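These numbers come from a predicted model, not from an experiment.
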Amino acid sequence: MSQLRKLLERIDEVIERPELAAVHPVYDRMNLVLAIRSAADAFHEKWRPRLGLESKPGFTKEHWTRVRALSRRLGTGMADEYDTLRPIADLRKEVVQRIYVFVQNPLRWEGPEPTEAEKPDTFDAFADNLARRLLEVCTRRVRDERAEQWQDAYFKHGTGSTFERARIIGDEIYRPAAPVPDATPSPDRNQFLRDIVAEVEQAAEETNARLE
């Protein structure tokens, strides 16, 4: 993770980014919340059938040995993924994709509206800044804050351990790491929203954008 962050920083130093136009896109916070909800929902819809906790057309349950290998790597700190099982990258991807759509649809512009040629530079600067920040958030919530649960999942053995391991990952790691915001408030859901919104706000401030 440290090396990846350094690589992203080096790329930013090498690439000559166009100077942003003197305009300020303004975004609706409610639309941001809806984007975060959609991302969390999509993450669980893909992972629960892979863990065997639900059945869904188009998804295949992962073999128990692969799930155990994933729990070993995250539980021991060896790696953030196992083969094609990449929960941190998957969560980040879902959030980035949906927030990028959000970024491309501001409520309005403060100052003269940019030309169609200028808009992509403004959107990309905002999205690129945010993408790096979301890697930190997803890593912390999926791995760092739940190392004990990953270890618990890994050390399960004996009759019923396959299902219990999948249940721990799905219900005790993924659900609190990326809870789906709904009408019922809870500390987990509120904190997840606050974490993402805080990063969006910071990225917006650094790229001439604003939330309201």
Do Ile99 and Ile88 land in one hydrophobic cluster if side-chain heavy atoms of ILVMFWY residues count as linked below 4.5 Å? yes

Provide the closest heavy-atom pair for Ala40 versus Pro179 in the form atom of the first, atom of the second, distance. CB-O, 3.8 Å

Using a strict 4.0 Å threshold on nitrogen-to-oxygen distance, state whether Asp195 and Arg141 make a salt bridge. yes

Closest heavy-atom pair, Leu51 versus Ala166, reported as atoms and distance to 0.1 Å, is O-CB, 3.3 Å

Are Arg167 and Glu172 ion-paired here, with the side-chain N under 4.0 Å from a carboxylate O? yes

Salt bridge between Arg108 and Asp28, side-chain N to carboxylate O under 4.0 Å? no

Smallest separation among heavy atoms of Thr207 and Ala125, with atom names: CG2-O, 3.6 Å

Side chains of Tyr100 and Asp128: any donor to acceptor distance under 3.5 Å? no

Tell me if the CD atom of Glu54 is crowded by more than 12 foreign heavy atoms within 6.0 Å. yes

Gap separating the CD1 atom of Ile168 from the CZ atom of Arg146, nearest 0.5 angstrom: 14.0 Å

Kindly work out whether a path of hydrophobic side-chain contacts (I/L/V/M/F/W/Y, heavy atoms less than 4.5 Å apart) joins Val67 to Leu91. yes

Does Arg68 offer a backbone N or O that forms a donor-acceptor pair with the side chain of Ser71 under 3.5 Å? yes

Any chance you could measure Cys138, atom SG, to Arg143, atom CZ, to the nearest 0.5 Å? 12.0 Å

Joint cluster assignment, Trp64 & Trp150, ILVMFWY side-chain distance < 4.5 Å: no

Starting at CG of Leu211, measure out to CZ of Phe102 and round the result to the nearest 0.5 Å. 5.5 Å

Charged N to carboxylate O under 4.0 angstrom, Glu201 versus Arg29? yes

Taking atom NZ of Lys61 as the centre, report whether more than 12 heavy atoms of other residues, nucleotides or ligands fall under 6.0 Å from it. no

Going by an N to O cut-off under 4.0 Å, is there a salt bridge joining Arg50 and Asp90? yes

Interatomic distance, Arg72 atom CZ to Tyr82 atom OH [nearest 0.5 angstrom]: 10.0 Å

Phe192 reachable from Val180 in the ILVMFWY side-chain graph, under 4.5 Å edges: no

Could you check whether any side-chain N or O of Arg165 sits under 3.5 Å from a backbone N or O of Lys156, counting only pairs where one atom can act as donor and the other as acceptor? yes

Interatomic spacing from CG in Asn31 to CG in Leu107 - rounded to 0.5 Å: 6.5 Å

Which pair of heavy atoms, one from Leu85 and one from Leu70, lies closest together, and at what distance? O-CD1, 3.6 Å

Examine the side chains of Thr84 and Arg66 and answer whether a donor and an acceptor come within less than 3.5 Å of each other. yes

Members besides Leu34 in its Ile/Leu/Val/Met/Phe/Trp/Tyr cluster (side-chain heavy atoms under 4.5 Å): none

Note: Glu94 and Ala42 closest approach over all heavy atoms is OE1-CB, 3.5 Å

Charged N to carboxylate O below 4.0 Å: is that the case for Arg140 and Asp144? no

Side chains of Arg133 and Asn129, donor plus acceptor under 3.5 Å: yes

Does any pair with a residue in residues 114-133 pass ring-ring contact (aromatic ring centres under 6.0 Å, His included), and if so which ones, sequence neighbours excluded? Tyr27-Phe126, Trp109-Phe123

Which atoms form the tightest heavy-atom contact between Arg98 and Ser38, and what is the distance? NE-OG, 2.8 Å

Separation of Ile169 CD1 from Gln149 CD (nearest 0.5 Å): 11.0 Å

Check the hydrophobic clustering (I, L, V, M, F, W, Y; side-chain heavy atoms under 4.5 Å; chains of links allowed) and say if Leu32 and Leu130 are grouped together. yes

